[in-house]
Amino acid sequence: MLRRLQYWLQRRDREQSLREEMELHLAEKAAELQSDGMSPAEATLEARRQFGNVGIKHEEAREIWMTRFLSELVQDIRYGLRTMLANKAFSALAVLSLALGIGANTTIYSLMESVLLRSLPVQEPESLAVLNWHSEPPQTADKQWVHVVHGIQGRFWPGDKGTLMSGIFPYPTLDAMRDPAIFTSLFGYFDGHNRNFGVRGYATSVPSEFVTGEYFHGLGVTPAAGRFITPEDDRPNATPVAVISYATSQNRFGGPANAIGQPVLIDNTPFTVVGVAPPEFFGVEPARTPDLYLPLRTILLLDGPIAAKSFHDENFYWLEMMGRLRPGVTIAQAQAAMGPRFHQWVSTTAKSEGERAKLPQLKLNPGVTGLGGLRRYYAKPLYVLLAMVGLILAIACANIANLLLARAAARRREIAVRLSLGAGRLRVIRQLLTESVLLASLGGILGALFAIWGIQALTVLFGAGEENFTLRAELNWNVLAITAGLSILCGLFFGLAPALQATRAEVLPGLQAARSSGGRHNIQSLLVVAQIAMSFVILVAAGLFVRTLNNLHSVQLGYSRENILLFTLNARQAGHRESELATFYADLNRRFASIPGVNSASLAQSSIVSAGFHGNAVHSAMKIGSTTLADVKSIAAGPNYLATMQIPLLAGRDLAERDHAAAPPVAIITERLARTYFGSENPIGRRIHLPDVKKDLEIVGVSANLRYGGIKTQEGSLVVFVPAAQFTPDRVTYALRTLGDPLRFANTVQEIVRNADSRLPVTNVLTQAAEIDRTISRELTFAKLCTGFALLALLTACVGVYGTMSYTVARQASEIGIRMALGAQRQAVVWMILRRVLILAAVALAISIPTAVAGFRVIRSLLFQTQPGDPATLALAGVVLLMAAALAAYAPARRASRIDPLVALRQD
Amino acid sequence: MGRKPQKNDSLPGSLDMLILRTLSLRELHGYGIVQYLQQSSDNELLVEEGSLYPALQRLELNGWIEGAWGVTSSNRRARIYKITPAGRKQLAVETRKYARLTLAIARVMGEA
C-alpha cells in the first residue's frame, strides 16, 4: 500500500517514463519492420497495430499504480463541474432543492430521534421497564366515579377501546411489587413541579423531581460530583439532602465541585446539596428536565399535611415507577410474573363490589427511551412531518433524475464522439456516473449545512412553546449519511440508465441524429406528474394544519386575549404561612393595580387557559339543594377578576375586596351552570352547599360562558368562581390589564415583588396571548413547519417543471421554429407549452386528490374543526399548485415564443 | 476494449512467468523482451505487445523486477529491467505451478 502511495506521488515522472518506453518500443518495432522492407509510414502503422491501443495500454499500466482511478476521478469531477456550470440555473436549483430535501429530512429525523427514539443516558437502558396500568373507564353511565383510584396526582391517557391508561401508583405498590427474581431494583419518582430554590438569599423557581432511594442506583448513573440519594436519605427523619443538575451547579455554584455540601433553601426548608448529576442526565422523561432531585419522603416536609394524607393512601395514585430487570429476564416474563402480583395487591384495595369489577391491570413497557409523555404527544405529528420531508426528498430526487435524463439526451452526440475516438465504454459510463454522484454529493454537503441550521431553528421554535422543555436534538450523522446515500443512489440510478443507453448506442446514428427519443420524454412527464402530485399532498396537509391553527385562534374563549400580563408567584414555597398568605397576595394585588398604565389587576389560582392543571379551588363536592353538581370546575379568583379578564357579567356583581377571608363565602357561576341547575329562575342569592367543608356559597353573580382549561374544551364550561381570599391557593397567577404592550410592565412587577419579599421569584411572566398560544404550541409549531415544507415542496416541484419545460423547448426548437415560420402566433406558442404543463398538473391532481382525502384520515386527530377532505383547502391547494406550475412554465414558454424560426431551423 | 492482457493468454498469468524467465537470463528493455519471447518460441508465442507494459508495471510494483534507465545495444535510452531475488523465488513458484498445470493438461489430453 505504501509503495502504491509512493508510486502515486511520483506519478508524473512515471507517466513520463512509461510514455517514453512505449514510444521507444514503437520506434524500434517500426525500425525493424522497415528493415524488413516496409515503407516508413507503413511500418509505423503496423507497429501501432501490433501494439494495440496505446492509450488503453497506457491507462492499464497507470491503473496498476492506482493513479488511474484517482486521476480520472479528478478529471471526471472537473468535467462534471464544467458541464454543471454550462447549465447553471437548473443545476443550481436541482442541487439546492436536493440539499433542502436532505437538510429537512436530517433535521426532522434528528428531532424525532431526540424526542422518540433516543435511549435514556443511563447504563443499559434496554433492561429498564416502566410500570403502567390500564383499566375500564372509571365513570359509570350516570357519571359516578367508581374506581379503586380515589384520587390522583399525575396523568391519565386514553388507551385502546375506551380504556384508561396511566403510569401512576399509590406509594404502597412500590413495596408490593418488589420481587428480586424479576427486578434487581425497583424505584419510584414523582414530578415535583417547580420549587423555590434559594441559594445565599437569592431564590429562583426550578423544576424538581422526588425520587426514591434506589432511583439513581437503579438507573445506573454516576454523579458528576459528590454522591447520589440513597435509601438512607429516604427514611423518616433523615437529614434533607438534594442532588442538583449539572447546569444548576454551574449557574448557582460555579461548578459541580463547589456545590457539594452547600446549604440551600428549598421551599424555605433547609437542605444540603450532596451530589451533582452528570451533564447528559435529564431524569427519565425527555420532556422534563429537573434541576432538583429530592428524596421522596421530603415531599412530606415540603408539602405538609396534604402530602401526608396521600403519601401512604393505597387509593391515591401519584407515584411513577420503573424497574431494572434482572439479567436474562424478558419484559414478557416480568409481565407474566408481576401482572398477577399486582392484581392480587390491587384487589385488596378495592372498597366496594363496583370497584372490584374494574380493577386496573399492570402493563410493563420497555423503559429504554424513558417515559412516554412526550412520545404520546409528539409521535404522530413527527411521523407526519417525516412523511412530508420524505416526499420532499422524493421530489428533489425527481429533479436530479430529470436533470440527468435531459442532459444524457443532450449529450448523445458528445458520447458518440467520445466512443468513436476510442474511449472505453466503461470509462464513459463512469464519467457520467461521477457527474450524477457529484450532483448528489453537493446536495449532501449543502444538506448537512441546512440540517445544522434547521436543528438550531427548531430548537428555538420548540423551546418557545413549552415550559421546561429543552429540545436535545443533535445532528444525526446516520440520517445525514442515509439521506445523502439515498440521493447518491438516486443519482446513480438516473445517471446509470441514460449512461448505459447512451453508450450502447451505435456510434454512427448517434453522431448523425443528435436529437430524438420520445421514451425519455415520457419518463420526464411522468416525473413531473409525480412531483406535482406529491407537492399537492404536502400542500393540502399544510393547508389543513394552518386551517386548524386558524380555527384554534378564532375560538371564542369568553375572555380577553390581548393586553393582559400574566405572572405567577408561589409565596407559600417562599416561606409564607397559610394564615398570612391571603393578605400578602391581596396587598401585592393593590400595589400592582396602582402601577400607572395598569387599568386593573386581579389574581387567580392559574390562568384560565391552564386552569385545572393545578387542581380545583374547591376540594369538596358541590350541591344545590339535594342535587350534586357534576362536571363543575372551580377557580379561586381575586377582586375584579371578571372585569380584568373582560368576562361579561350577566347578572349580579363581580368579585370584590369585600369578599375577604372573614366575609360570608360567595360564588359567581357561569351562565351555562345557571341554566343547567336553575333553569329560568334567577340564581342570584341562591346557595351552593359544600358538604365536605360544611360551607355555603351564596351566588352573587352570573358570568357569560367561557372555555376553562384549554381552548379545545367545551364552549360553555360549568365554572364556579370563588374568592381567592376565602379559598387561598398556594400559588397565584396575577393578571394585569395594561395600556399598550403588557411586557413593558414586567420590570416594574419584578421590582414590586422584590421589595415585598426578595425570596419570592416571579415566574412565567408572559402575555395572556402567549399563555394561550402555549397550550397550542404543538399545533403552532406544526403549522409553521408544514407551511415551510409546503413552500419547499412547491418550489422544488416548480424547479422540476421549469427544468423539464426548458428542456422540452430546447428540444422542440426546430418544431416551434417551423410552426412560427408557418405563421403561429407567439401567444399560441406560449399556450402550447403552458397547456402541456397544465395537462400534466391536471393528471397529477386527478391522482392525488383521492389519495390525499383517503390518506389524511390518519391525521384527523391532529385537526381541529376541519376535515381531511375539506373542500376549501383542497380547492385552494389545487389553485395554488396550478398557478405555481404555470408560473414555472412561463419562462420556458416565453423563451419558446421568442425562438427565431431562421436560427432554429438552421440548427440541425 | 479494456481487456486485461491475461485474458488473452491461453494460460492465465503466463505472461508474468515468461517475463520473469526472460529477465532471469539477462537484463532487457521492453522491446527486447518481446523480441526474445518471439525468437525463443520460434514466433509461436505472439505477445500482444502493448500488454507487456502493464505487466511490467505490475511486476515492478510487486517487487519482482527492477527497472532503471540505461542504454540499449542500439545505443538508445531505455528502461532496462532486471529480476530481483524475490522475483527469482516467484519464478520458481510459477514454474512449479506451470509444470503441474501442463502435466495435468497433458494427462487429460492423453486420456482423451
Margin query: Under 4.0 Å between a side-chain nitrogen and a carboxylate oxygen: does that hold for B:R79 and A:E20?
Written below: no
Next item on the list: Please report the closest heavy-atom contact between A:K29 and B:Y31, naming both atoms and the distance.
Entry: CA-OH, 3.3 Å
Next item on the list: Let me see the working for B:Q35 and A:E28 under side chain to side chain donor-acceptor pair (under 3.5 Å), right down to the final yes or no.
Entry: CA-CA 10 Å; B:Q35 273 184 320; A:E28 289 199 348; 5.9 Å; no
Margin query: Show the nearest heavy-atom pair for residues A:L24 and B:H29, with the distance to one decimal.
Written below: CD2-CD2, 3.7 Å
